[in-house]
K.L.:
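Pasting a structure here, questions to come.
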Amino acid sequence: MSDTPTTPIEFRRYTQNLSPAIPIAIQQATGQFFEKRNARVAELPEWELLRDVGHRLRLHTLEHLDAYLEQAATSLSAAGVQVHWAMNGAEANAVVLDIARQHNVKTIAKVKSMATEEIALNTALQAAGFQITETDLGEFIIQLAGLGPSHIVVPAVHLKKEEIAQLFKEKLGVEAPPDPEQLTAIARARLREVFLAADMGISGANFLVAETGTLVMVTNEGNGRMCTTLPDLHVAVVAIDKVVPDWESLATLLKLLARSATGQKLSTYTNFITGPRKTKGEHGPRELHVVLLDNGRSRMLASPLTRETLKCIRCGSCLNVCPVYKQVGGYAYGWFISGPIGAVLTPQLLGTKIAAELPYASTLCGACAEVCPVKVPLLDLLRHLRRRVAEGDATTTPIVSPVLRGVARGSAIALGTPWLYRLGARLMPLLQVPVRRGNWIPSLPAPLNRWTMVRPFMPFRARFRRWWKHHKKNE
Amino acid sequence: MTQNRFPNPVLDAVRHSLGYESGAPLPPHPLLPSARAAGTPQAEIALLLQEIDKVSGHTQQLTTHNLDTALGALVETENIRTATVWNTPTLQCLDIAGRLKHLGVTLVPPDAEKHTLAQCDLGVTEADFAIPDSGTLGLLSGPEKPRAVSLLPAVHLALLTPAALRPDLHQVFAEAQHHGYLILITGPSRTADIELTLTLGVHGPRELYVWIFESPGE
Ligand code: SF4
């Protein structure tokens with residue numbers, strides 16, 4: 001829905017005039033998802049092992065992405081799928097438009113997908129006169145309302161049932177009581193017509209298995225199945241980072257995904273589609289196209305750190321635990337993806353000029369990195385991107401300089417070893433003699449002068465232990 | 001794999017970023033935790049039924065003797081008037097279509113046109129696989145097993161025998177990966193999109209019935 005931002009994303013300004021309904025709804029949703037996720041994770045004693053395998057598996061795939069992509073393309077073609085490559089969103093949209101025109105398509109049924117949101121495919125198709133309907137219940141509702149999604153899994157969570165009933169009355173002309181079940185029934189009937197009439201189904205994919213060229217799609221409502229089973233033509237837009245080597249790897253990733261996303265052992269429907277239908281009676285599309293989308297990802301592969309961003313399997317766990325996201329919801333992040341993963345992906349795809357505020361939309365508490373089922377190093381990425389905001393996108397310097405890392409390690413050892421600490425405390429007053437001016441340290445030599453540039457330091461005194469001993473004696 | 005089988009800018013950009021010699025043999029990927037081991041058949045069946053119930057499915061253990069009673073009850077509770085049944089040997093052997101007709105239900109061929117299938121109250125299929133641990137059914141497709149039968153009708157009835165049981169996803173995948181289509185079904189269609197209230201039957205079937213037959217000879 002939200003088109004690609006071309007002006008800076010104003011995260012802070014947005015958060016200042018936030019409707020109070022948003023944090024309440026978002027906290028309810030995230031709390032519920034997180035609780036369910038925890039229950040599922042607790043059932044699996046091997047969760048950490050699974051996570052570790054998930055992480056290594058994703059990294060391995062990305063490190064050899066050229067080979068796996070080539071294998072995927074070969075398998076897709078062998079299965080009768082037409083493969084297209086798109087360097088960016090404009091190219092991908094042009095491919096989809098072409099296919100739609102060639103087939104004289106009029107109406108399109110669409111399953112929500114991150115890749116199509118990223119390239120604003122709906123806007124492109126609508127501008128070209130095609131009628132396109134989002135068919136996930138939540139997406140359908142926000143499309144009617146003309147809003148963007150506020151949560152990755154439940155995009156309309158910030159709307160109350162009364163508001164939805166009102167919306168259905170205005171936009172669909174049906175009188176409905178504010179009851180989730182009846183509202184769902186209305187949407188079901190309306191969307192049935194869309195599914196049965198559509199000439200073309202558009203989807204993304206959660207995974208693409210290189211070994212066999214299989215598209216894997218995970219849904220709960222069943223609209224994904226409708227869009228990929230009923231129309232004669234199916235186009236899937238798949239980002240190149242969705243590739244998995246084989247079905248063995250897929251099994252591990254599916255276990256991680258369903259548990260992390262919605263706290264289910266498996267989502268209600270998991271589809272595995274290899275090629276178009278073989279006989280008409282079997283159902284399924286007669287023609288299947290896959291558009292493999294780069295859109296900035298190949299660039300991210302170049303550095304070992306930014307590459308790790310692409311391990312993400314879009315489960316939404318990091319959103320559910322993020323204290324910032326829970327206060328502001330999805331809109332503030334300005335694009336199709338929000339929360340910690342949005343804060344690291346958007347600046348990398350759009351540049352830190354446009355997304356300068358996003359790496360700062362975090363307290364760096366680390367909860368996100370801890371729950372991530374494939375161990376995306378969200379914290380390291382946030383820090384790296386803050387550096388890029390300050391120094392420009394060309395910066396490849398590591399997040400922390402080796403010197404600083406050494407100092408941090410050293411002080412960790414010193415603070416953790418009592419005798420070393422005492423020794424240090426004795427030495428410090430002597431070491432600061434050359435820089436001390438009375439009761440202040442006005443400036444330090446480089447590179448430490450960065451600390452004193454803004455304000456002078458108080459000299460180090462280390463009197464606490466002495467004071468404590470004294471205090472105890474006087475009690 | 002040859003280097004320029006797919007000459008295209010995306011692959012070139014990926015290769016450029018990775019800086020690898022393309023076409024180098026792939027090292028083995030990380031080891032996976034071993035799949036879950038199966039319990040006794042009885043334990044597996046009990047677990048399957050329990051897990052399906054947890055995800056709001058209706059389960060029953062049956063023999064051919066009480067099949068008519070069960071079908072009669074289903075037709076009545078769900079108010080079934082039209083139905084469609086897969087043409088698999090097991091379902092034909094059990095004569096599901098004949099029995100339904102006998103109960104006054106109109107039958108539609110499973111490969112009928114989508115609009116016709118959408119009017120059906122009941123779709124009957126046979127699960128190729130069942131994973132007890134998650135309460136999941138696996139269905140393949142083919143000319144006699146059309147995909148929309150488990151999707152368009154309001155109620156989905158899946159029959160299975162213990163032969164369909166598999167301990168884990170890994171075994172299902174090992175067998176299913178060379179078929180053109182596999183759908184894993186875990187409970188009826190669901191959403192929590194409106195105020196996080198769980199609602200069944202948003203697009204797919206609103207009810208899922210799973211009937212398991214005892215092994216022949218038991
Ligand atoms: S970064 Fe990790 S936790 Fe966040 S959506 Fe991606 S996979 Fe899930």
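Nothing here was measured: the structure is a model prediction, and the numbers come from that model. Values below: all heavy atoms of this structure, side chains included; hydrogens, waters and symmetry mates excluded. Note on naming: letters A, B, ... go to the chains in the order of the sequence lines (proteins, then strands), and numbering restarts at 1 for each one.
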K.L.:
Report yes or no: do S150(B) and R225(A) form a side-chain donor-acceptor pair below 3.5 Å?
P.N.:
yes
K.L.:
Between D111(B), I185(B), T197(B), which shows the greatest number of heavy-atom pairs under 4.5 Å with chain A?
P.N.:
I185(B)
K.L.:
For a quick test of reading the model, state the closest non-hydrogen atom pair linking V14(B) to D66(A) and the distance between them.
P.N.:
CG1-N, 3.6 Å
K.L.:
Considering only heavy atoms, which portion of H179(B) lies under 4.5 Å from any heavy atom of chain A: side chain, backbone, both, or neither?
P.N.:
backbone
K.L.:
Can you say whether L266(A) sits under 4.5 Å from chain B via the side chain, the backbone, both, or neither, judging by heavy atoms?
P.N.:
both
K.L.:
With no hydrogens and no angle check, do the side chains of E282(A) and S141(B) hold a donor and an acceptor under 3.5 Å apart?
P.N.:
yes
K.L.:
Quick one: closest heavy-atom pair of S298(A) and A13(B), and the distance?
P.N.:
OG-CB, 3.3 Å
K.L.:
Are the charged groups of R15(B) and E70(A) less than 4.0 angstrom apart, N to O?
P.N.:
yes
K.L.:
Okay, side chain of K160(A), backbone of E195(B): is any donor-acceptor separation there less than 3.5 Å?
P.N.:
no
K.L.:
Looking at V216(A), L230(A), I240(A), V157(A), which one has more heavy-atom pairs under 4.5 Å with chain B than the rest?
P.N.:
L230(A)
K.L.:
Measuring from L182(B):CG to F272(A):CZ, what's the distance to the nearest 0.5 Å?
P.N.:
5.0 Å
K.L.:
Between R307(A) and L18(B), is there a donor-acceptor pair closer than 3.5 Å when you use the side chain of the first and the backbone of the second?
P.N.:
no
K.L.:
Would you check, one step at a time, whether the test side-chain contact (heavy atoms from CB on, under 4.5 Å) holds for L250(A) with F173(B)?
P.N.:
CA-CA 9 Å; L250(A) 181 65; F173(B) 284 177; 4.0 Å; yes
K.L.:
What part of A174(B) gets within 4.5 angstrom of chain A, counting heavy atoms only: side chain, backbone, both, or neither?
P.N.:
neither
K.L.:
Decide if the gap between the ring center of F195(A) and the ring center of H203(B) is smaller than 6.0 angstrom.
P.N.:
yes
K.L.:
Could you walk me through whether R206(B) and E181(A) pass the salt bridge (Lys or Arg N to Asp or Glu O under 4.0 Å) check?
P.N.:
CA-CA 11 Å; R206(B) 99 190 111 71; E181(A) 202 146 319; over 6 Å; no
K.L.:
Examine whether an atom of L301(A) lies under 4.5 Å from a heavy atom of chain B, and if so say whether it belongs to the side chain, the backbone or both; otherwise answer neither.
P.N.:
both
K.L.:
Could you pull out the closest heavy-atom pair between Y269(A) and P205(B), with the gap in Å?
P.N.:
OH-CD, 3.3 Å
K.L.:
I'd like to know if D168(B) and K255(A) make a salt bridge, using a cut-off of under 4.0 Å between side-chain N and carboxylate O.
P.N.:
yes
K.L.:
Looking only at non-hydrogen atoms, find the nearest pair between A251(A) and H170(B) and report the distance.
P.N.:
CB-CE1, 3.4 Å
K.L.:
Considering only heavy atoms, which portion of A86(A) lies under 4.5 Å from any heavy atom of chain B: side chain, backbone, both, or neither?
P.N.:
backbone
K.L.:
Go through Q264(A) and T186(B) one step at a time and tell me if the side-chain contact (heavy atoms from CB on, under 4.5 Å) criterion holds.
P.N.:
CA-CA 9 Å; Q264(A) 290 166 292; T186(B) 311; over 6 Å; no
K.L.:
Determine the option with the most heavy-atom pairs under 4.5 angstrom with chain A, choosing from L200(B), T199(B), I183(B), L198(B).
P.N.:
I183(B)
K.L.:
Below 4.5 Å from any heavy atom of chain A, which atoms of P109(B) appear? Answer side chain, backbone, both or neither.
P.N.:
neither
K.L.:
Can you measure from CG (D133(B)) to CD (E43(A)) and round to the nearest 0.5 angstrom?
P.N.:
8.5 Å
K.L.:
Checking heavy atoms, do the side chain of K161(A), its backbone, both or neither come under 4.5 Å from chain B?
P.N.:
both
K.L.:
Heavy-atom distances under 4.5 Å only: say whether E51(B) touches chain A with side chain, backbone, both or neither.
P.N.:
side chain
K.L.:
Say whether, by atom type as modelled, one donor and one acceptor occur between the side chain of D193(B) and the main chain of G138(A) under 3.5 angstrom.
P.N.:
yes
K.L.:
In terms of heavy-atom proximity below 4.5 Å to chain B, should Q28(A) be classed as side chain, backbone, both, or neither?
P.N.:
both
K.L.:
Using only atom types and a distance under 3.5 Å, with no angle test, would you say the side chain of R192(A) pairs donor to acceptor with the backbone of L152(B)?
P.N.:
yes
K.L.:
For each of G142(B), P110(B), S134(B), tally heavy-atom pairs with chain A at distances under 4.5 Å, and name the one with the top tally.
P.N.:
G142(B)
K.L.:
Chain A heavy atoms under 4.5 Å from L117(B): which part of the residue, side chain, backbone, both or neither?
P.N.:
side chain
K.L.:
Please name the pair of heavy atoms, one in G222(A) and one in L151(B), separated by the smallest distance, quoted to 0.1 Å.
P.N.:
O-CD1, 4.0 Å
K.L.:
R190(B) and side-chain contact (heavy atoms from CB on, under 4.5 Å): which partner among T262(A), T184(A), N220(A)?
P.N.:
N220(A)
K.L.:
Give a yes or no on whether E48(A) atom CD has more than 12 heavy-atom contacts from other residues, nucleotides or ligands under 6.0 Å away.
P.N.:
yes
K.L.:
Heavy-atom distance under 4.5 Å between the side chains of L293(A) and V10(B), does that happen here?
P.N.:
no
K.L.:
In Å, rounded to the nearest 0.5 Å, how long is the span from CZ of R277(A) to OH of Y181(B)?
P.N.:
13.5 Å
K.L.:
Would you kindly say whether Q177(B) and T212(A) are connected by a side-chain donor-acceptor distance under 3.5 Å?
P.N.:
no
K.L.:
Based on non-hydrogen pairs under 4.5 Å, which of H115(B), E113(B), K145(B) is most in contact with chain A?
P.N.:
H115(B)
K.L.:
Between the main-chain N or O of E221(A) and the side-chain N or O of S189(B), is there a donor-acceptor pair closer than 3.5 Å?
P.N.:
yes
K.L.:
Check whether A29(A) gets within reach of chain B through its side chain, its backbone, both or neither, counting any heavy atom under 4.5 Å.
P.N.:
both
K.L.:
Which one, V154(A), I164(A), D136(A), leads in non-hydrogen pairs under 4.5 Å with chain B?
P.N.:
V154(A)
K.L.:
Among D294(A), L65(A), L137(A), L159(A), single out the residue with the greatest number of heavy-atom pairs under 4.5 Å to chain B.
P.N.:
L137(A)
K.L.:
Who wins among G281(A), P304(A), P180(A) for the most heavy-atom pairs under 4.5 Å with chain B?
P.N.:
P180(A)
K.L.:
Measure the CD-CH2 distance between E175(B) and W247(A) for me, rounded to the nearest 0.5 Å.
P.N.:
12.0 Å
K.L.:
Go through N271(A), T61(A), T268(A), T274(A) and name the one with the most non-hydrogen pairs under 4.5 angstrom from chain B.
P.N.:
T268(A)
K.L.:
NZ of K54(B): more than 12 outside heavy atoms within 6.0 angstrom?
P.N.:
yes
